[in-house]
Protein chains: 2
Amino acid sequence: MARSDAPDRDDGRFSYEGLDRVIHEKARLSVLTSLVAHPKGLAFPDLKRLCNLTDGNLSRHLAVLQEADLVSLEKGQVQNRPQTLCRLTPAGRGRFLEYLTVLEQVVRDAARAAGPASDLATKTA
Amino acid sequence: MARSDAPDRDDGRFSYEGLDRVIHEKARLSVLTSLVAHPKGLAFPDLKRLCNLTDGNLSRHLAVLQEADLVSLEKGQVQNRPQTLCRLTPAGRGRFLEYLTVLEQVVRDAARAAGPASDLATKTA
DNA sequence: ACGGTTCGCTTTGCGATGCAAAGTAGAGCC
DNA sequence: GGCTCTACTTTGCATCGCAAAGCGAACCGT
């Protein structure tokens, strides 16, 4: 039993605990990136187009994001039509940026490992 | 009907279609990053420790990755013990690198949008 | 003014998926 | 010969993403 007690210092080296499940999801990552790029907020239909999502899909993900207090949904009326304005909450922005640093770490780890030879940006010759 | 026919040029700007679902998963992303960092391959227990995964979890994800032809599993015996050696397939390496370029794009989009002001990598030219 | 259509969004249903707990198999001790 | 440890696999559940259907309020033509 002595053996498995010795924790390699590399334990969890690649576990990336910081990859929040709520954020780390194609659709929601898209939404959040869109929102961070539009600090004034985005209307439901715009978000839908930017992220190439269906109505139902976007609705669901927004609910999840709101539940997690990452985005705020402001339902109002514009030109006598309902309009939901989606915005990143301050907390959401913070958590998203945190998440991003982890993502950067992943990219760096991988790029470094892949070797300077096979550069990512420049495709393999 | 004429209106919605006009596709904004920004349509899908943030949809990131390239984020392969098989790869874009916390656990599997960990596994793949570990593997790209260890071109000679990794044994099941090592991978398990590096990624902080349970046996069952790792087993399942490896099966998925193998199914997708991203990794190869070589089951053998070492010192009279079973040992599964996991390696990235050439195709797997390629697809992972592709995925990474998209990830980079996400990070870049977000970092730029978050504003050069807010840290992150803060080395935006 | 009223039927139909469109817009904006929500709900429902289902198939897929991640995860953990339990299960299997063989090697090494006692 | 049983006990245990390592190395995985399988099973079961609960969650989740997704698409299709639903819903209601405006607007439009007649």
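Here is the naming used below: chain letters follow the sequence lines, and residue numbers restart at 1 for every chain.
Residue A:Arg81 has no polar side-chain atom (N or O) positioned under 4.0 Å from OP1 or OP2 of C:dT6. Dashed line: the shortest gap from a side-chain N or O of B:Lys75 to OP1 or OP2 of C:dA25 is not under 4.0 Å. A sub-4.0 Å separation between OP1 or OP2 of D:dC18 and a side-chain N or O of A:Thr54 is absent. Neither OP1 nor OP2 of D:dC8 sits under 4.0 Å from any side-chain N or O of B:Ser59. Residue A:Arg21 has a polar side-chain atom (N or O) positioned under 4.0 Å from OP1 or OP2 of C:dC19.
Across all strands, B:Asn57 comes closer than 4.0 Å to base atoms (heavy-atom distances). B:Gln77 comes within contact range of no nucleotide atom at all, as no heavy-atom separation falls under 4.0 Å. Residue-level contact check: A:Lys26 touches neither bases nor backbone, having no heavy atom under 4.0 Å from any strand.
Using a cut-off of 4.0 Å between Lys/Arg side-chain N and Asp/Glu carboxylate O, B:Glu25 and A:Lys26 are scored as not salt-bridged. The pair A:Arg95-A:Asp69 does not meet the salt-bridge criterion, since no charged nitrogen lies less than 4.0 angstrom from a carboxylate oxygen.
For the pair B:Leu42 CG and D:dA7 P, the computed distance is 14 Å after rounding to whole Å. Between the CG atom of B:Leu73 and the P atom of D:dA7 there is a distance of 16 Å, given to the nearest Å. One atom, NE2 of A:His61, and another, C1' of D:dG17, lie 6 Å apart when rounded to the nearest Å. Rounded to an integer number of Å, the gap from CD of B:Glu25 to C1' of D:dG17 is 12 Å. Atom CD1 of B:Ile23 is separated from atom P of C:dT17 by 15 Å (rounded to the nearest Å). Rounded to an integer number of Å, the gap from B:Leu62 CG to C:dG18 P is 13 Å. Remark: P of D:dC16 and NE2 of A:His24 are 15 Å apart, rounded to the nearest angstrom. Computed from coordinates, the A:Asp55 CG to D:dG17 C1' distance equals 16 Å when rounded to whole Å.
Sequence order on DNA chain D of the closest nucleotides to A:Arg28 and A:Gln79 puts A:Arg28 first from the 5' end.
The side chain of B:Arg60 has C:dC19 as its nearest neighbour among C:dC9, D:dC8, C:dC19. Distance from the side chain of A:Ala27 is smallest for D:dC18 among the nucleotides C:dC19, D:dG17, D:dC18.
Using a 30° and 60° split on the angle between ring planes, A:His24 and A:Tyr99 fall in the tilted class, from 30° to 60°.
Panel note: side chain A:Thr84, backbone A:Leu73; no donor-acceptor pair is recorded below 3.5 Å.
Heavy atoms only, all atoms of each residue included: B:Ser15 and A:Asn52 are closest at CB-CB, 3.7 Å.
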